[in-house]
Visitor: 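Mind looking over this structure? Questions follow.
Below, chains carry the letters A, B, ... as their sequence lines are ordered, and counting in each starts from 1. Every heavy atom of this structure was used, including side-chain atoms; hydrogens, water molecules and symmetry mates were not.
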Protein chains: 2
Amino acid sequence: MHLPSTTALRVIAALAQHGTVSAAAVALSLTQSAVSKQLKAVEALIGLTLFNRARHGLVPTEAGIVYIEQARVALGALETAAVRTARLRGSRPVLRLHVLPILGDRWFMQRLIGFTDQHPDVDVQFVTYASREAHRDVDVVFRFGEGQWPGWNADYFLGRDVVLVGAPMTLDRGGGIADWRDIARFRLLVHPQTPLHWDRLFAQYGGLDIPPEQTITLSYYALVIRGAIGGQGLALVPRTLITRELAAGELVNPLGIGFESQNCYWLTTPNERPREGVLKHFCVWALAEAARSEMPQGAVSS
Amino acid sequence: MHLPSTTALRVIAALAQHGTVSAAAVALSLTQSAVSKQLKAVEALIGLTLFNRARHGLVPTEAGIVYIEQARVALGALETAAVRTARLRGSRPVLRLHVLPILGDRWFMQRLIGFTDQHPDVDVQFVTYASREAHRDVDVVFRFGEGQWPGWNADYFLGRDVVLVGAPMTLDRGGGIADWRDIARFRLLVHPQTPLHWDRLFAQYGGLDIPPEQTITLSYYALVIRGAIGGQGLALVPRTLITRELAAGELVNPLGIGFESQNCYWLTTPNERPREGVLKHFCVWALAEAARSEMPQGAVSS
DNA sequence: CCCGACTATTCCAATATGGAATAGCATGCT
DNA sequence: AGCATGCTATTCCATATTGGAATAGTCGGG
């Protein structure tokens, strides 16, 4: 039997992550056409549909879920191989970063060049699909949580400042938001890893009951943001991840509603690996850059 | 960064298994040229040598060991994906076999057609690189051992009959074997999973001390057999695996020396999966075919 | 019923792949 | 030494695959 190509695997993973062919194409630096064909090729190979073509993008079928999972395992293995051999090669210093996809897309890609320009000798490697076990290979892991991980040194990175946003169209159509209670008139986009965000918000303002059918759960942050832009409903998103959209007016934050979240992004390094040399430079740079990107005035940039 | 192609991964895995470019090429149904190029491509990709070109084949470097391991993980994931989706497809009955490479190469490939001819509707799938965890996906696992696996139903398959063999050239050069004690004059090829075979043989005949430096340990059975054919020394091999070589005179079994091993190949099925329908047919067929292949008269075949 | 936001398809150029033949390189035998 | 042997590396070339640009098709919403 024929095996899928590695780009096919990347396509599957990217589709799962971004939810649409076009978005996946951008993420992979391919055209929509190429992605569409790769997907079709894999589906032909296994004789099953992997994604149901739904209204606003692709939804994995049962087979798709299985395949996505294994594609990630395979890609993870290749990443692990690359990282471990790079360490063996040891020609130039290697910095291995484990970055959650959303951070990679929305924060790192634009800014990392600032670091690599200063340190052209350093081989910066991204690890995205790695399993937990592969954490021992990396120098820095960016995590989402409350800042406590045994054996890891954690610094607040970004994302504490969570804001309520929606597309202008959405707000208009729903009659606008003049008071926080108006939120109840909209559909709410939920991210499974942070379902408590909404509860937290309502608690702050005094309570609000939203029936579950008025929420949409989207498996990736990227989808939540896209959904909000596309007018699916209101979202709660760390402000730093959408500075561009806020600046461009694609998303707006009515009444400045938001809160400080306990759950945010942290920069963590293994305790046993002291932050020195290149690693130290990187941590200092990343934390400074993150702080800068959270300052309101620094937020306006393409 | 570019990723290796999936054929490159298969090449790496096959090289690790067969130890030479040419043998790997045969196993993959490619030319030696193609395999050589793929290997070179991967080495260029990661900037390291994966195999040291040694006297009789390729020996993995440190980087090679890492890479081989991850290539197997990646291929295993793809196999798992294929198997699990095939089950979902469910168009025609699927039979998933986990087969050790040596059995696949030396026994199944030639005989399986006898089964598929009788059951053209059945989708027979091989699983080779699968992790232990993936065992739950398979219908039949061929294992090497003593026949006891909790939760598994085991039938003796083949390989009990272990014989001492060497290339005719080897035997001539070493002065022939007129008595079992003459074994001490030869180098012995050892397979790490069955190091006790030699002890077992010597015990049977009354003891013999072989200094360790007179042995060569080869990591795969395929290499042991190849080594014996190539004149590296004497080997202890299940007779069924080398019927062709014995018939062709490439290997000879002086004096008929050999013994019944406790460690041999077993056909096992999970207890919770009753042997019925296609599964039953396959087990019956495989066991009968194995028995037939172990009969001396049945042994002569190309 | 058209518009917008998608995905699928077609055509074509660029690239990668794999086979056949050949060269190169050690080793062991005479 | 010198040749035969059993490998791997390289070159050349036909073919298959890939990916981009443009185009067509699809679906839901105002």
Side-chain angles (χ1 to χ4, degrees), chain A residues 2-12 14-15 18-45 49-59 64 167 169-170 172-174 187 223 226-233 250, chain B residues 2-11 14-15 18-45 49-59 64 167-170 172-174 187 223 226-233 250:
Chain A
H2 281 267
L3 291 171
S5 66
T6 35
T7 55
L9 298 180
R10 296 201 305 144
V11 163
I12 300 295
L15 284 173
H18 294 94
T20 79
V21 173
S22 320
V26 172
L28 295 169
S29 308
L30 289 175
T31 56
Q32 170 262 330
S33 150
V35 172
S36 176
K37 275 186 285 194
Q38 288 284 2
L39 171 58
K40 199 183 154 195
V42 176
E43 290 184 330
L45 181 69
T49 306
L50 292 180
F51 293 89
N52 285 321
R53 277 63 168 176
R55 178 66 193 88
H56 274 291
L58 311 186
V59 179
M169 183 184 72
T170 310
D172 286 351
R173 196 144 36 118
R187 265 192 309 192
L223 295 181
R226 280 183 49 78
I229 296 173
Q232 302 290 298
E250 293 175 26
Chain B
H2 281 266
L3 290 170
S5 66
T6 35
T7 57
L9 297 181
R10 296 201 307 143
V11 162
L15 283 173
H18 294 92
T20 78
V21 172
S22 319
V26 172
L28 296 170
S29 308
L30 288 175
T31 57
Q32 170 262 329
S33 152
V35 173
S36 177
K37 276 187 285 194
Q38 289 283 3
L39 171 57
K40 200 185 153 194
V42 176
E43 291 184 329
L45 182 68
T49 306
L50 291 180
F51 293 89
N52 286 319
R53 277 63 169 175
R55 177 69 193 83
H56 274 291
L58 310 187
V59 179
M169 184 183 73
T170 310
D172 287 351
R173 196 140 40 113
R187 266 193 307 193
L223 295 180
R226 282 183 47 79
I229 296 172
Q232 302 289 299
E250 293 175 25

Visitor: Looking at every heavy atom in both Ala34(B) and Leu30(B), which two are closest together, and how far apart are they?
Guide: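 Answer, listing the atom of Ala34(B) first, then Leu30(B): CB-CB, 4.3 Å.
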Visitor: Return no unless some side-chain N or O of Lys40(B) is found under 4.0 Å from OP1 or OP2 of dT8(D).
Guide: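 Negative; the distance criterion is not met.
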Visitor: Working to the nearest 0.5 Å, report the span between CZ of Phe51(A) and CG of Leu39(A).
Guide: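 These two atoms lie 6.5 Å from each other.
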Visitor: May I have the distance from Leu45(B) (atom CG) to dA16(C) (atom C1'), rounded to whole angstrom?
Guide: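 It works out to 14 Å between those atoms.
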Visitor: Apply side-chain contact (heavy atoms from CB on, under 4.5 Å) to Ala14(A) and list each qualifying residue two or more places apart in sequence or on a separate chain.
Guide: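 Once residues adjacent in sequence are excluded, the partners of Ala14(A) under the side-chain contact (heavy atoms from CB on, under 4.5 Å) criterion are His18(A), Ala24(A), Leu28(A).
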Visitor: Tell me: CG of Leu3(A) to C1' of dT17(C), nearest whole Å?
Guide: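 Whole-Å distance recorded here is 16 Å.
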Visitor: Between atom CD1 in Ile229(B) and atom P in dT5(D), what is the gap in whole Å?
Guide: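 To the nearest whole Å, that distance equals 18 Å.
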Visitor: Rounded to the Å, how far apart are Arg10(B) CZ and dG18(C) C1'?
Guide: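 Nearest whole value for this atom pair: 13 Å.
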Visitor: Quick check for you: to the nearest 0.5 Å, what is the distance between Thr20(B) atom OG1 and Leu58(B) atom CG?
Guide: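 With rounding to 0.5 Å, OG1 (Thr20(B)) is 7.0 Å from CG (Leu58(B)).
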Visitor: Starting at NE2 of His18(A) and ending at P of dT7(C), how long is that distance when rounded to a whole Å?
Guide: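 Rounded to whole Å, this separation is 13 Å.
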Visitor: Under the side-chain contact (heavy atoms from CB on, under 4.5 Å) rule, collect the residues that match up with Ala167(A), sequence neighbours excluded.
Guide: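 With neighbours one apart ignored, the set is Thr170(A).
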Visitor: Grab the CG-C1' distance between Leu58(B) and dA26(C) for me, whole Å please.
Guide: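 Distance check: Leu58(B) CG to dA26(C) C1' gives 14 Å.
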Visitor: Look at the side-chain N and O atoms of Arg226(A) and state whether any lies under 4.0 Å from the OP1 or OP2 oxygen of dC6(C).
Guide: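 Answer is yes, contact under 4.0 Å.
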Visitor: Kindly compute the distance separating CG (Leu50(A)) from CG (Leu15(A)), expressed to the nearest 0.5 Å.
Guide: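 Here the interatomic distance stands at 9.0 Å.
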Visitor: Check the distance between dC3(C)'s C1' and Met169(A)'s CE and give it to me in whole angstrom.
Guide: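 So the CE-C1' distance, Met169(A) to dC3(C), works out to 13 Å.
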Visitor: Write out a two-atom table: protein N or O, nucleotide N or O from nucleotides 19-23 of chain D, distance below 3.5 Å.
Guide:
| residue | atom | partner | partner atom | Å |
| --- | --- | --- | --- | --- |
| dG19(D) | OP2 | Gln38(A) | NE2 | 2.6 |
| dG19(D) | N7 | Lys37(A) | NZ | 3.1 |
| dG20(D) | OP2 | Thr31(A) | N | 2.8 |
| dG20(D) | OP2 | Thr31(A) | OG1 | 3.0 |
| dG20(D) | O6 | Lys37(A) | NZ | 2.5 |
| dA21(D) | N6 | Ser33(A) | OG | 2.9 |

Visitor: Among residues two or more places apart or on two chains, list those pairs meeting side chain to side chain donor-acceptor pair (under 3.5 Å) that have a residue in residues 32-44 of chain B.
Guide: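 Sorted result for residues 32-44 of chain B: Thr7(B)-Gln38(B), Glu43(B)-Arg53(B).
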Visitor: Verify the contact: side-chain N or O of Ser36(A) to OP1 or OP2 of dT9(C), cut-off strictly under 4.0 Å; return yes or no.
Guide: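 No, because none of the side-chain N or O atoms of Ser36(A) sits under 4.0 Å from OP1 or OP2 of dT9(C).
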Visitor: On DNA chain D, nearest-nucleotide positions of Ala41(A) versus Ala23(B): which is more 5'?
Guide: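 Taking each residue's closest nucleotide, the earlier one in sequence belongs to Ala23(B).
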